[in-house]
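One structure is given below, encoded as C-alpha coordinates.
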Number of protein chains: 2
Amino acid sequence: MERYDPHAFPPFAVTVDLAVLTVRGDTLQVLLVERGQDPYRGDWALPGGFLLPDESAESAARRELAEETGLSPATAAGLHLEQLRTYSDPGRDPRMRVVSVAFTALVPDPPEPRGGGDAARARWVPAAGTGPLAFDHVRILADAVERVAAKFEYTCVATAFCPPEFTLGELQQVYETVWGVALDRPNFRRKVLATPGFVEAVEGGPRRTGGRGKPAALHRAGPARSLHPPLLRPEGRHP
Amino acid sequence: MERYDPHAFPPFAVTVDLAVLTVRGDTLQVLLVERGQDPYRGDWALPGGFLLPDESAESAARRELAEETGLSPATAAGLHLEQLRTYSDPGRDPRMRVVSVAFTALVPDPPEPRGGGDAARARWVPAAGTGPLAFDHVRILADAVERVAAKFEYTCVATAFCPPEFTLGELQQVYETVWGVALDRPNFRRKVLATPGFVEAVEGGPRRTGGRGKPAALHRAGPARSLHPPLLRPEGRHP
DNA sequence: GCAAAAGTGTTCGCAGTACACCCATGT
DNA sequence: ACATGGGTGTACTGCGAACACTTTTGC
(Lines give C-alpha, C1' and ligand atoms only; values in the text may rest on other atoms or scores of the structure.)
Protein backbone atom coordinates (compact mmCIF):
# COMPACT_ATOMS: atom_id res chain seq x y z
CA MET A 1 0.00 0.00 0.00
CA GLU A 2 2.95 2.24 0.63
CA ARG A 3 4.15 2.67 -2.92
CA TYR A 4 0.87 3.87 -4.37
CA ASP A 5 -0.32 7.40 -4.75
CA PRO A 6 -3.69 7.37 -3.03
CA HIS A 7 -5.21 9.21 -5.98
CA ALA A 8 -3.78 6.93 -8.62
CA PHE A 9 -5.13 3.55 -7.54
CA PRO A 10 -6.72 1.32 -10.16
CA PRO A 11 -10.50 1.72 -9.85
CA PHE A 12 -12.81 -1.27 -9.62
CA ALA A 13 -16.53 -1.76 -9.60
CA VAL A 14 -17.70 -3.65 -6.52
CA THR A 15 -20.90 -5.66 -6.47
CA VAL A 16 -22.63 -8.12 -4.21
CA ASP A 17 -24.15 -11.38 -5.42
CA LEU A 18 -26.61 -13.39 -3.38
CA ALA A 19 -27.21 -17.11 -3.30
CA VAL A 20 -30.65 -17.04 -1.69
CA LEU A 21 -31.48 -20.59 -0.70
CA THR A 22 -34.60 -22.21 0.65
CA VAL A 23 -35.92 -25.71 1.20
CA ARG A 24 -39.27 -26.37 -0.45
CA GLY A 25 -40.61 -29.84 0.10
CA ASP A 26 -37.70 -32.11 -0.55
CA THR A 27 -35.54 -29.91 -2.78
CA LEU A 28 -33.02 -27.19 -2.10
CA GLN A 29 -33.93 -24.19 -4.23
CA VAL A 30 -32.21 -20.98 -5.20
CA LEU A 31 -33.67 -17.63 -6.20
CA LEU A 32 -32.72 -16.56 -9.72
CA VAL A 33 -33.51 -13.41 -11.66
CA GLU A 34 -33.66 -12.90 -15.38
CA ARG A 35 -31.23 -10.33 -16.65
CA GLY A 36 -32.83 -7.43 -18.48
CA GLN A 37 -29.62 -5.94 -19.82
CA ASP A 38 -26.48 -6.97 -21.56
CA PRO A 39 -24.28 -8.72 -20.90
CA TYR A 40 -26.12 -12.01 -20.54
CA ARG A 41 -29.45 -10.36 -21.33
CA GLY A 42 -32.24 -12.90 -20.94
CA ASP A 43 -30.04 -15.34 -19.01
CA TRP A 44 -30.67 -16.31 -15.42
CA ALA A 45 -28.40 -15.00 -12.72
CA LEU A 46 -28.06 -14.66 -8.97
CA PRO A 47 -29.61 -11.46 -7.68
CA GLY A 48 -27.17 -8.72 -6.80
CA GLY A 49 -26.04 -5.23 -7.59
CA PHE A 50 -23.46 -2.54 -7.12
CA LEU A 51 -22.39 -1.21 -3.77
CA LEU A 52 -23.60 2.27 -3.10
CA PRO A 53 -20.91 4.77 -2.11
CA ASP A 54 -21.78 4.75 1.58
CA GLU A 55 -22.71 1.21 2.43
CA SER A 56 -20.81 -1.91 3.38
CA ALA A 57 -21.12 -5.11 1.41
CA GLU A 58 -23.31 -6.51 4.19
CA SER A 59 -25.69 -3.56 3.97
CA ALA A 60 -25.84 -3.81 0.20
CA ALA A 61 -26.55 -7.53 0.42
CA ARG A 62 -29.38 -7.05 2.88
CA ARG A 63 -30.84 -4.25 0.79
CA GLU A 64 -30.75 -6.40 -2.34
CA LEU A 65 -32.19 -9.32 -0.42
CA ALA A 66 -35.18 -7.25 0.68
CA GLU A 67 -35.70 -5.91 -2.85
CA GLU A 68 -35.43 -9.23 -4.63
CA THR A 69 -37.47 -11.34 -2.25
CA GLY A 70 -40.10 -8.64 -1.95
CA LEU A 71 -40.06 -8.93 1.82
CA SER A 72 -40.35 -5.93 4.07
CA PRO A 73 -37.00 -4.60 5.24
CA ALA A 74 -38.03 -5.50 8.79
CA THR A 75 -38.58 -9.13 7.82
CA ALA A 76 -35.51 -9.24 5.65
CA ALA A 77 -33.47 -7.89 8.54
CA GLY A 78 -34.06 -11.11 10.42
CA LEU A 79 -32.98 -13.43 7.64
CA HIS A 80 -29.77 -15.35 7.90
CA LEU A 81 -27.15 -13.64 5.74
CA GLU A 82 -23.52 -14.62 5.63
CA GLN A 83 -20.54 -13.68 3.55
CA LEU A 84 -19.42 -16.52 1.31
CA ARG A 85 -16.30 -15.29 -0.45
CA THR A 86 -15.15 -12.72 -2.97
CA TYR A 87 -14.74 -13.39 -6.69
CA SER A 88 -12.26 -11.21 -8.49
CA ASP A 89 -10.97 -12.97 -11.58
CA PRO A 90 -10.21 -10.50 -14.35
CA GLY A 91 -12.66 -11.19 -17.12
CA ARG A 92 -15.46 -12.50 -14.95
CA ASP A 93 -17.47 -9.53 -16.26
CA PRO A 94 -16.89 -8.90 -19.98
CA ARG A 95 -17.48 -5.15 -19.65
CA MET A 96 -15.00 -4.17 -16.97
CA ARG A 97 -13.20 -5.12 -13.80
CA VAL A 98 -15.85 -6.13 -11.30
CA VAL A 99 -15.05 -7.55 -7.90
CA SER A 100 -18.03 -9.29 -6.37
CA VAL A 101 -18.59 -10.09 -2.72
CA ALA A 102 -20.87 -13.12 -2.63
CA PHE A 103 -23.31 -13.86 0.18
CA THR A 104 -25.41 -16.82 1.16
CA ALA A 105 -28.90 -16.16 2.49
CA LEU A 106 -31.07 -18.84 4.08
CA VAL A 107 -34.79 -18.16 4.07
CA PRO A 108 -37.74 -20.19 5.36
CA ASP A 109 -40.04 -21.68 2.79
CA PRO A 110 -42.88 -19.36 1.92
CA PRO A 111 -41.35 -16.10 0.59
CA GLU A 112 -43.23 -16.00 -2.70
CA PRO A 113 -41.12 -15.90 -5.85
CA ARG A 114 -42.19 -12.39 -6.89
CA GLY A 115 -40.07 -10.60 -9.41
CA GLY A 116 -39.59 -7.86 -6.86
CA GLY A 117 -37.74 -4.61 -7.21
CA ASP A 118 -36.20 -4.08 -10.57
CA ALA A 119 -35.43 -7.57 -11.78
CA ALA A 120 -37.34 -8.48 -14.89
CA ARG A 121 -38.47 -11.81 -13.50
CA ALA A 122 -37.54 -13.93 -10.55
CA ARG A 123 -38.15 -17.56 -9.73
CA TRP A 124 -37.11 -20.39 -7.48
CA VAL A 125 -35.33 -23.26 -9.17
CA PRO A 126 -33.68 -26.41 -7.77
CA ALA A 127 -30.14 -25.53 -6.74
CA ALA A 128 -28.83 -28.77 -8.22
CA GLY A 129 -28.87 -28.68 -11.97
CA THR A 130 -29.73 -25.13 -12.81
CA GLY A 131 -28.92 -24.43 -16.41
CA PRO A 132 -25.97 -22.22 -17.24
CA LEU A 133 -26.02 -18.92 -15.39
CA ALA A 134 -24.60 -15.50 -16.17
CA PHE A 135 -21.03 -14.60 -15.24
CA ASP A 136 -19.41 -17.10 -12.85
CA HIS A 137 -22.63 -17.61 -10.96
CA VAL A 138 -22.65 -21.37 -11.41
CA ARG A 139 -19.46 -21.53 -9.40
CA ILE A 140 -20.73 -19.13 -6.75
CA LEU A 141 -23.88 -21.20 -6.38
CA ALA A 142 -21.89 -24.42 -6.09
CA ASP A 143 -19.65 -22.87 -3.45
CA ALA A 144 -22.68 -21.64 -1.53
CA VAL A 145 -24.39 -25.03 -1.53
CA GLU A 146 -21.27 -26.81 -0.40
CA ARG A 147 -20.64 -24.26 2.32
CA VAL A 148 -24.17 -24.59 3.66
CA ALA A 149 -23.96 -28.37 3.69
CA ALA A 150 -20.66 -28.18 5.57
CA LYS A 151 -22.02 -25.64 8.05
CA PHE A 152 -24.90 -27.93 8.89
CA GLU A 153 -22.40 -30.25 10.53
CA TYR A 154 -21.13 -27.93 13.20
CA THR A 155 -23.54 -25.00 13.42
CA CYS A 156 -27.23 -24.49 14.12
CA VAL A 157 -28.03 -22.61 10.91
CA ALA A 158 -30.45 -25.30 9.75
CA THR A 159 -33.18 -23.57 11.73
CA ALA A 160 -32.83 -20.59 9.38
CA PHE A 161 -34.63 -22.69 6.76
CA CYS A 162 -37.54 -23.30 9.12
CA PRO A 163 -40.45 -21.03 10.04
CA PRO A 164 -40.41 -19.45 13.53
CA GLU A 165 -42.07 -22.52 14.95
CA PHE A 166 -41.36 -25.93 13.50
CA THR A 167 -41.43 -29.62 14.28
CA LEU A 168 -38.38 -31.81 14.63
CA GLY A 169 -39.61 -33.68 11.57
CA GLU A 170 -39.41 -30.50 9.55
CA LEU A 171 -35.92 -29.80 10.82
CA GLN A 172 -34.87 -33.31 9.90
CA GLN A 173 -36.38 -32.84 6.45
CA VAL A 174 -34.18 -29.75 6.04
CA TYR A 175 -31.07 -31.73 6.94
CA GLU A 176 -31.99 -34.58 4.66
CA THR A 177 -32.65 -32.23 1.75
CA VAL A 178 -29.45 -30.27 2.10
CA TRP A 179 -27.31 -33.36 2.61
CA GLY A 180 -29.21 -35.57 0.21
CA VAL A 181 -29.24 -38.48 2.64
CA ALA A 182 -31.80 -40.13 4.89
CA LEU A 183 -31.27 -39.84 8.64
CA ASP A 184 -32.47 -42.07 11.42
CA ARG A 185 -35.33 -40.23 13.11
CA PRO A 186 -34.83 -41.38 16.71
CA ASN A 187 -31.13 -40.64 16.62
CA PHE A 188 -31.60 -37.27 14.94
CA ARG A 189 -34.15 -36.33 17.53
CA ARG A 190 -31.94 -37.26 20.45
CA LYS A 191 -28.95 -35.49 18.98
CA VAL A 192 -30.83 -32.24 18.46
CA LEU A 193 -32.47 -32.28 21.87
CA ALA A 194 -29.19 -33.17 23.55
CA THR A 195 -27.53 -30.02 22.19
CA PRO A 196 -28.31 -27.22 24.63
CA GLY A 197 -29.76 -24.15 22.92
CA PHE A 198 -30.25 -25.72 19.50
CA VAL A 199 -34.03 -25.81 19.77
CA GLU A 200 -36.46 -24.84 22.52
CA ALA A 201 -39.78 -26.53 23.14
CA VAL A 202 -42.86 -24.37 22.63
CA GLU A 203 -45.52 -24.72 25.30
CA GLY A 204 -49.11 -25.06 24.22
CA GLY A 205 -50.75 -27.56 21.93
CA PRO A 206 -48.89 -29.49 19.26
CA ARG A 207 -49.96 -29.11 15.66
CA ARG A 208 -50.35 -31.37 12.73
CA THR A 209 -48.22 -30.82 9.70
CA GLY A 210 -49.76 -32.58 6.74
CA GLY A 211 -52.78 -33.80 8.61
CA ARG A 212 -51.93 -37.47 8.83
CA GLY A 213 -49.93 -38.88 11.71
CA LYS A 214 -49.50 -37.97 15.33
CA PRO A 215 -49.33 -34.23 15.97
CA ALA A 216 -45.79 -33.10 16.62
CA ALA A 217 -44.49 -30.81 19.33
CA LEU A 218 -43.39 -27.37 18.18
CA HIS A 219 -39.97 -25.91 18.68
CA ARG A 220 -38.22 -22.60 18.23
CA ALA A 221 -34.62 -21.91 17.28
CA GLY A 222 -32.52 -21.62 20.42
CA PRO A 223 -29.68 -19.21 21.20
CA ALA A 224 -26.88 -21.66 20.37
CA ARG A 225 -24.93 -21.04 17.19
CA SER A 226 -22.60 -24.00 17.20
CA LEU A 227 -22.94 -27.73 17.59
CA HIS A 228 -20.64 -29.62 19.94
CA PRO A 229 -20.02 -32.32 19.17
CA PRO A 230 -20.89 -31.90 15.50
CA LEU A 231 -23.61 -33.72 13.61
CA LEU A 232 -21.63 -35.40 10.85
CA ARG A 233 -22.89 -36.45 7.46
CA PRO A 234 -23.12 -40.26 7.20
CA GLU A 235 -20.60 -40.67 4.39
CA GLY A 236 -18.17 -37.94 5.31
CA ARG A 237 -17.74 -35.99 2.11
CA HIS A 238 -15.64 -32.88 2.26
CA PRO A 239 -14.24 -31.67 -1.05
CA MET B 1 -27.08 -4.65 -11.62
CA GLU B 2 -29.73 -4.00 -14.18
CA ARG B 3 -30.57 -0.46 -13.28
CA TYR B 4 -27.02 0.87 -13.45
CA ASP B 5 -25.29 2.46 -16.35
CA PRO B 6 -22.12 0.40 -16.71
CA HIS B 7 -20.09 3.58 -17.01
CA ALA B 8 -21.59 5.28 -13.99
CA PHE B 9 -20.87 2.81 -11.21
CA PRO B 10 -19.37 4.09 -7.94
CA PRO B 11 -15.63 3.41 -8.06
CA PHE B 12 -13.81 1.71 -5.21
CA ALA B 13 -10.23 0.95 -4.41
CA VAL B 14 -9.65 -2.76 -3.84
CA THR B 15 -6.80 -4.06 -1.72
CA VAL B 16 -5.66 -7.35 -0.26
CA ASP B 17 -4.54 -7.75 3.34
CA LEU B 18 -2.60 -10.76 4.55
CA ALA B 19 -2.55 -12.39 7.95
CA VAL B 20 0.69 -14.34 7.55
CA LEU B 21 0.89 -16.76 10.45
CA THR B 22 3.61 -19.07 11.65
CA VAL B 23 4.35 -21.16 14.71
CA ARG B 24 7.71 -20.41 16.30
CA GLY B 25 8.49 -22.48 19.34
CA ASP B 26 5.34 -22.40 21.40
CA THR B 27 3.74 -19.20 20.13
CA LEU B 28 1.60 -18.35 17.15
CA GLN B 29 3.12 -15.36 15.40
CA VAL B 30 1.99 -12.95 12.73
CA LEU B 31 4.01 -10.93 10.24
CA LEU B 32 3.55 -7.17 10.63
CA VAL B 33 5.00 -4.29 8.63
CA GLU B 34 5.56 -0.73 9.72
CA ARG B 35 3.66 1.78 7.66
CA GLY B 36 5.84 4.33 5.89
CA GLN B 37 3.02 6.64 4.80
CA ASP B 38 -0.06 8.26 6.16
CA PRO B 39 -2.54 7.29 7.27
CA TYR B 40 -1.25 5.40 10.31
CA ARG B 41 2.36 6.27 9.43
CA GLY B 42 4.68 4.53 11.84
CA ASP B 43 1.99 2.13 13.07
CA TRP B 44 2.13 -1.59 12.52
CA ALA B 45 -0.18 -3.21 10.01
CA LEU B 46 -0.82 -6.41 8.16
CA PRO B 47 1.05 -6.56 4.85
CA GLY B 48 -1.04 -5.89 1.79
CA GLY B 49 -1.57 -3.62 -1.18
CA PHE B 50 -3.74 -2.61 -4.05
CA LEU B 51 -4.92 -4.98 -6.73
CA LEU B 52 -3.27 -4.39 -10.07
CA PRO B 53 -5.64 -3.90 -12.99
CA ASP B 54 -5.15 -7.39 -14.39
CA GLU B 55 -4.84 -9.68 -11.42
CA SER B 56 -7.26 -11.50 -9.19
CA ALA B 57 -7.24 -11.01 -5.44
CA GLU B 58 -5.56 -14.41 -5.11
CA SER B 59 -2.77 -13.37 -7.47
CA ALA B 60 -2.29 -10.10 -5.68
CA ALA B 61 -2.17 -11.84 -2.33
CA ARG B 62 0.46 -14.31 -3.51
CA ARG B 63 2.52 -11.53 -5.03
CA GLU B 64 2.42 -9.53 -1.82
CA LEU B 65 3.21 -12.65 0.18
CA ALA B 66 6.36 -13.25 -1.86
CA GLU B 67 7.39 -9.61 -1.57
CA GLU B 68 6.82 -9.26 2.13
CA THR B 69 8.30 -12.54 3.26
CA GLY B 70 11.25 -12.14 0.94
CA LEU B 71 10.81 -15.68 -0.34
CA SER B 72 11.34 -16.58 -3.96
CA PRO B 73 8.12 -16.60 -5.96
CA ALA B 74 8.63 -20.32 -6.52
CA THR B 75 8.72 -20.98 -2.79
CA ALA B 76 5.89 -18.58 -2.08
CA ALA B 77 3.80 -20.37 -4.68
CA GLY B 78 3.74 -23.45 -2.48
CA LEU B 79 2.61 -21.68 0.68
CA HIS B 80 -0.86 -22.22 1.99
CA LEU B 81 -2.98 -19.20 1.09
CA GLU B 82 -6.69 -18.95 1.67
CA GLN B 83 -9.28 -16.27 1.39
CA LEU B 84 -10.57 -15.19 4.78
CA ARG B 85 -13.31 -12.66 4.10
CA THR B 86 -13.83 -9.18 2.70
CA TYR B 87 -13.97 -6.03 4.79
CA SER B 88 -15.92 -3.17 3.31
CA ASP B 89 -17.15 -0.87 6.05
CA PRO B 90 -17.27 2.72 4.87
CA GLY B 91 -14.69 4.62 6.86
CA ARG B 92 -12.33 1.71 7.41
CA ASP B 93 -9.80 3.78 5.47
CA PRO B 94 -9.93 7.49 6.35
CA ARG B 95 -8.83 8.59 2.87
CA MET B 96 -11.38 6.91 0.65
CA ARG B 97 -13.58 3.92 0.05
CA VAL B 98 -11.35 0.87 0.20
CA VAL B 99 -12.68 -2.65 0.01
CA SER B 100 -10.16 -5.16 1.25
CA VAL B 101 -10.07 -8.87 0.54
CA ALA B 102 -8.29 -10.50 3.47
CA PHE B 103 -6.25 -13.70 3.21
CA THR B 104 -4.72 -16.05 5.69
CA ALA B 105 -1.30 -17.50 4.88
CA LEU B 106 0.29 -20.32 6.85
CA VAL B 107 4.07 -20.58 6.58
CA PRO B 108 6.56 -22.97 8.17
CA ASP B 109 8.84 -21.58 10.83
CA PRO B 110 12.08 -20.28 9.40
CA PRO B 111 11.21 -17.62 6.80
CA GLU B 112 13.38 -14.86 8.21
CA PRO B 113 11.63 -11.65 9.21
CA ARG B 114 13.26 -9.48 6.54
CA GLY B 115 11.63 -6.17 5.80
CA GLY B 116 11.29 -7.29 2.22
CA GLY B 117 9.97 -5.42 -0.76
CA ASP B 118 8.83 -1.91 -0.01
CA ALA B 119 7.72 -2.16 3.58
CA ALA B 120 9.79 0.02 5.85
CA ARG B 121 10.26 -2.71 8.43
CA ALA B 122 8.76 -6.10 9.03
CA ARG B 123 8.75 -8.36 12.06
CA TRP B 124 7.10 -11.37 13.58
CA VAL B 125 5.10 -10.72 16.73
CA PRO B 126 2.89 -13.00 18.83
CA ALA B 127 -0.56 -13.07 17.28
CA ALA B 128 -2.18 -12.82 20.71
CA GLY B 129 -1.77 -9.39 22.18
CA THR B 130 -0.32 -7.34 19.38
CA GLY B 131 -0.69 -3.68 20.17
CA PRO B 132 -3.19 -1.63 18.20
CA LEU B 133 -2.84 -2.00 14.45
CA ALA B 134 -3.65 0.28 11.52
CA PHE B 135 -7.14 0.31 9.98
CA ASP B 136 -9.33 -2.59 11.11
CA HIS B 137 -6.41 -4.99 11.11
CA VAL B 138 -6.91 -6.06 14.71
CA ARG B 139 -10.25 -7.48 13.73
CA ILE B 140 -8.90 -9.12 10.58
CA LEU B 141 -6.14 -10.75 12.60
CA ALA B 142 -8.59 -11.99 15.22
CA ASP B 143 -10.83 -13.44 12.51
CA ALA B 144 -7.84 -15.15 10.90
CA VAL B 145 -6.65 -16.74 14.13
CA GLU B 146 -10.09 -18.01 15.00
CA ARG B 147 -10.60 -19.38 11.49
CA VAL B 148 -7.31 -21.24 11.58
CA ALA B 149 -8.05 -22.75 14.98
CA ALA B 150 -11.45 -23.89 13.73
CA LYS B 151 -9.99 -25.32 10.53
CA PHE B 152 -7.56 -27.42 12.52
CA GLU B 153 -10.52 -29.46 13.71
CA TYR B 154 -11.70 -30.75 10.36
CA THR B 155 -8.92 -30.13 7.85
CA CYS B 156 -5.28 -31.10 7.44
CA VAL B 157 -3.91 -27.55 7.16
CA ALA B 158 -1.80 -27.94 10.29
CA THR B 159 0.96 -29.44 8.15
CA ALA B 160 1.26 -26.07 6.39
CA PHE B 161 2.98 -24.80 9.55
CA CYS B 162 5.54 -27.60 9.39
CA PRO B 163 8.64 -27.95 7.21
CA PRO B 164 8.49 -30.45 4.33
CA GLU B 165 9.54 -33.22 6.67
CA PHE B 166 8.50 -33.17 10.28
CA THR B 167 7.95 -35.36 13.29
CA LEU B 168 4.61 -36.11 14.86
CA GLY B 169 5.84 -34.29 17.94
CA GLU B 170 6.30 -31.15 15.89
CA LEU B 171 2.83 -31.50 14.41
CA GLN B 172 1.40 -31.94 17.87
CA GLN B 173 3.27 -28.84 19.01
CA VAL B 174 1.59 -26.91 16.20
CA TYR B 175 -1.85 -28.08 17.32
CA GLU B 176 -1.13 -27.29 20.94
CA THR B 177 0.14 -23.82 20.09
CA VAL B 178 -2.77 -22.87 17.87
CA TRP B 179 -5.37 -24.26 20.25
CA GLY B 180 -3.59 -23.28 23.44
CA VAL B 181 -4.22 -26.64 25.05
CA ALA B 182 -2.16 -29.72 25.85
CA LEU B 183 -2.99 -32.91 23.97
CA ASP B 184 -2.39 -36.50 24.94
CA ARG B 185 0.55 -37.68 22.84
CA PRO B 186 -0.42 -41.33 22.30
CA ASN B 187 -3.95 -40.42 21.33
CA PHE B 188 -2.89 -37.60 19.05
CA ARG B 189 -0.48 -39.93 17.34
CA ARG B 190 -3.06 -42.63 16.76
CA LYS B 191 -5.63 -40.16 15.51
CA VAL B 192 -3.27 -38.65 12.96
CA LEU B 193 -1.98 -42.00 11.71
CA ALA B 194 -5.50 -43.39 11.52
CA THR B 195 -6.55 -40.66 9.10
CA PRO B 196 -5.60 -41.85 5.61
CA GLY B 197 -3.58 -39.28 3.69
CA PHE B 198 -3.01 -36.88 6.58
CA VAL B 199 0.69 -37.72 6.89
CA GLU B 200 2.96 -40.19 5.09
CA ALA B 201 5.93 -41.89 6.67
CA VAL B 202 9.32 -41.01 5.20
CA GLU B 203 11.63 -43.95 4.66
CA GLY B 204 15.25 -43.65 5.74
CA GLY B 205 16.74 -42.80 9.08
CA PRO B 206 14.85 -40.95 11.77
CA ARG B 207 16.28 -37.69 13.01
CA ARG B 208 16.69 -36.02 16.31
CA THR B 209 14.94 -32.76 16.88
CA GLY B 210 16.59 -30.94 19.78
CA GLY B 211 19.18 -33.61 20.40
CA ARG B 212 17.74 -35.10 23.56
CA GLY B 213 15.32 -37.99 23.49
CA LYS B 214 14.66 -40.83 21.10
CA PRO B 215 15.00 -39.89 17.42
CA ALA B 216 11.58 -39.49 15.86
CA ALA B 217 10.34 -40.84 12.54
CA LEU B 218 9.87 -38.26 9.81
CA HIS B 219 6.64 -37.63 7.97
CA ARG B 220 5.43 -35.66 5.01
CA ALA B 221 2.08 -33.98 4.46
CA GLY B 222 -0.25 -36.40 2.69
CA PRO B 223 -2.78 -35.72 -0.06
CA ALA B 224 -5.82 -35.54 2.24
CA ARG B 225 -7.35 -32.13 2.81
CA SER B 226 -10.08 -32.99 5.27
CA LEU B 227 -10.31 -34.90 8.52
CA HIS B 228 -13.06 -37.44 9.04
CA PRO B 229 -13.98 -37.77 11.74
CA PRO B 230 -12.72 -34.40 12.98
CA LEU B 231 -10.13 -33.83 15.66
CA LEU B 232 -12.05 -31.71 18.15
CA ARG B 233 -10.64 -29.26 20.62
CA PRO B 234 -10.94 -30.62 24.17
CA GLU B 235 -13.16 -27.82 25.51
CA GLY B 236 -15.28 -27.26 22.41
CA ARG B 237 -15.16 -23.49 21.94
CA HIS B 238 -16.77 -22.15 18.81
CA PRO B 239 -17.74 -18.47 18.89
C1' DG C 1 -58.59 -51.34 10.89
C1' DC C 2 -54.81 -49.38 8.52
C1' DA C 3 -51.39 -46.09 7.10
C1' DA C 4 -48.51 -42.51 8.52
C1' DA C 5 -45.92 -39.76 11.37
C1' DA C 6 -44.35 -38.78 16.34
C1' DG C 7 -41.99 -40.36 20.08
C1' DT C 8 -39.44 -44.00 23.44
C1' DG C 9 -36.34 -47.73 24.59
C1' DT C 10 -32.45 -50.88 24.00
C1' DT C 11 -28.51 -53.12 22.26
C1' DC C 12 -23.99 -53.03 20.09
C1' DG C 13 -19.66 -51.40 18.52
C1' DC C 14 -16.31 -48.22 18.04
C1' DA C 15 -13.76 -44.01 18.79
C1' DG C 16 -11.96 -40.95 22.14
C1' DT C 17 -9.88 -40.71 26.91
C1' DA C 18 -6.77 -41.60 30.36
C1' DC C 19 -3.47 -43.87 31.71
C1' DA C 20 0.77 -47.26 32.40
C1' DC C 21 4.70 -48.73 30.31
C1' DC C 22 8.88 -49.58 27.20
C1' DC C 23 12.55 -47.54 23.91
C1' DA C 24 16.41 -44.73 22.34
C1' DT C 25 19.25 -40.98 22.79
C1' DG C 26 22.16 -36.94 25.11
C1' DT C 27 24.45 -35.41 29.15
C1' DA D 1 22.26 -43.11 35.91
C1' DC D 2 18.84 -40.16 34.65
C1' DA D 3 16.24 -36.89 32.11
C1' DT D 4 13.86 -36.24 27.83
C1' DG D 5 11.10 -37.14 24.14
C1' DG D 6 9.37 -41.18 20.92
C1' DG D 7 6.44 -44.99 20.58
C1' DT D 8 3.09 -49.07 22.12
C1' DG D 9 -0.52 -51.30 24.78
C1' DT D 10 -4.89 -51.38 27.29
C1' DA D 11 -8.97 -50.74 30.05
C1' DC D 12 -12.96 -47.59 30.56
C1' DT D 13 -16.61 -44.73 28.82
C1' DG D 14 -19.88 -42.37 26.13
C1' DC D 15 -21.84 -41.41 21.81
C1' DG D 16 -23.73 -42.81 17.48
C1' DA D 17 -25.78 -46.56 14.50
C1' DA D 18 -29.35 -49.71 14.03
C1' DC D 19 -33.69 -51.28 14.96
C1' DA D 20 -37.82 -52.79 17.75
C1' DC D 21 -41.71 -50.87 19.73
C1' DT D 22 -45.59 -47.72 21.39
C1' DT D 23 -48.66 -43.60 20.57
C1' DT D 24 -51.81 -40.57 18.17
C1' DT D 25 -53.83 -38.87 14.40
C1' DG D 26 -56.58 -39.06 9.39
C1' DC D 27 -58.98 -41.87 6.29
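Remember, it's a predicted structure, so these values are computed and weren't measured experimentally. Every chain is numbered from 1 and lettered A, B, ... according to where its sequence line falls, protein lines coming before strand lines.
- A straight line from NE2 of B/His219 to C1' of D/dG6 spans 10 Å, rounded to a whole angstrom.
- The side chain of B/Lys214 lies closest to C/dA24, out of C/dA4, C/dA6, C/dA24.
- Per the geometry, CG belonging to B/Leu168 stands 10 Å off C1' belonging to D/dG7, to the nearest Å.
- If you find the closest nucleotide of DNA chain C to B/Gly213 and to A/Leu193, the one lying nearer the 5' end belongs to A/Leu193.
- Side-chain polar atoms of A/Thr86 and B/Thr86 form a donor-acceptor pair below 3.5 angstrom.
- Rounded to whole Å, atom P of C/dA6 lies 11 Å from atom CZ of A/Phe188.
- Among D/dA18, D/dG7, C/dT8, the nucleotide with an atom closest to any side-chain atom of A/Arg190 is D/dA18.
- Ranking C/dA6, D/dA20, D/dG7 by closeness to the B/Arg185 side chain, first place goes to D/dG7.
- Close to C/dG7, at under 4.0 Å from its OP1 or OP2, lies a side-chain N or O of A/Arg189.
- Distances shown here put a side-chain N or O of B/Lys191 below 4.0 Å from the OP1 or OP2 atom of C/dG16.
- Residues B/Gly169 and B/Asp184 both approach DNA chain D. Their nearest nucleotides, taken by heavy-atom distance, put B/Gly169 toward the 5′ side.
- Set against D/dG9, C/dA4, C/dG7, the side chain of A/Ala217 has C/dG7 as its closest nucleotide.
- For B/Arg62 and B/Glu58, the salt-bridge test fails: no basic side-chain N is under 4.0 Å from an acidic carboxylate O.
- In this structure, A/Phe166 atom CZ and C/dA6 atom P are separated by 14 Å, rounded to whole Å.
- A donor-acceptor contact under 3.5 angstrom links the side chains of B/Asp17 and B/Ser100, judged on distance only.
- Counting only heavy atoms from C-beta on, B/Pro186 has its side chain closest to D/dT8 among D/dC19, D/dG6, D/dT8.
- Residue A/Leu171 contributes atom CG, which lies 12 Å from atom P of C/dA6 at whole-angstrom precision.
- Ring geometry, B/Phe135 versus B/His137: the interplanar angle falls from 30° to 60°, so the pair is classed tilted.
- Heavy-atom nearest nucleotides on DNA chain C were determined for A/Asn187 and for A/Pro215, and the one closer to the 5' end corresponds to A/Pro215.
- Atom CD in A/Gln173 sits about 10 Å away from atom P in C/dA5, given to the nearest Å.
- Remark: A/Lys151 engages A/Glu82 in a salt bridge, criterion side-chain N to carboxylate O under 4.0 Å.
- Among the protein residues, B/Pro229 comes within range of the sugar-phosphate backbone only, with heavy atoms under 4.0 Å from sugar or phosphate atoms but none that close to a base.
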